[in-house]
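Here's the structure we're looking at; comments come further down.
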Amino acid sequence: MHVRTLKSAKVGETLKVVKLHGQGAVKRRIMDMGLTKGASVYVRRVAPLADPIEVTVRGYELSLRKADADLIEVE
């Protein structure tokens with residue numbers, strides 16, 4: 001089964017967070033930004049070199065590094 005992360009998302013897609021990978025402070029920081037299981041994430045823009053990725057989650061805009069986006073499993 002292929003696991004899809006937010007890093008592979010395309011502009012204009014709306015996805016749902018399924019699971020957060022990573023541990024400790026990194027996972028806590030992602031959760032503090034509102035990226036928790038079940039949250040809806042709209043991909044607004046991907047920078048030319050794909051870093052960062054701009055998303056809208058829980059009504060606010062957020063920029064994520066590729067490394068962080070790779071820890072967020074979506075469907």
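Numbering starts at 1 and runs along the sequence shown. All values derive from a computational prediction rather than experimental measurement.
Distance alone, capped at 3.5 Å, is enough to place a donor-acceptor pair between the D51 side chain and the K66 backbone.
Sorted by first and then second residue, the salt bridge (charged side-chain N to carboxylate O under 4.0 Å, His left out) pairs with a member in residues 30-42 read R28-D32; sequence neighbours excluded.
E54 meets the side-chain hydrogen bond (donor to acceptor under 3.5 Å, both in side chains) test with R44, R45; sequence neighbours excluded. Residues meeting the side-chain hydrogen bond (donor to acceptor under 3.5 Å, both in side chains) test with S40, sequence neighbours left out: none.
Contact record, R65 with R29: NH2-NH2, 3.9 Å, taken as the closest heavy-atom pair. The shortest heavy-atom contact between K7 and I53 is CA-CD1, 3.9 Å. Between L6 and V74, the shortest heavy-atom contact is N-CG2, 3.9 Å. Counting all heavy atoms, side chain and backbone alike, G34 lies closest to A39 at O-CB, 3.7 Å. Heavy atoms only, all atoms of each residue included: D68 and L64 are closest at CB-CD2, 4.4 Å.
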Distance-only donor-acceptor hits, side chain of residues 15-27, under 3.5 Å, sequence neighbours excluded:
| from | atom 1 | to | atom 2 | distance (Å) |
| --- | --- | --- | --- | --- |
| H21 | NE2 | E73 | OE1 | 2.8 |

Q: Run the numbers on L71 and T5 for side chain to side chain contact (heavy atoms under 4.5 Å, CB included), then give the verdict.
A: CA-CA 7 Å; L71 298 173; T5 63; over 6 Å; no

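To the nearest 0.5 Å, atom CZ of residue R58 and atom CG of residue L35 are 8.0 Å apart. In this structure, CD in E13 is found 7.5 Å from OG in S8, a value given to the nearest 0.5 Å.
Under the 4.5 Å side-chain contact rule for hydrophobic residues, V46 and Y42 do not share a cluster.
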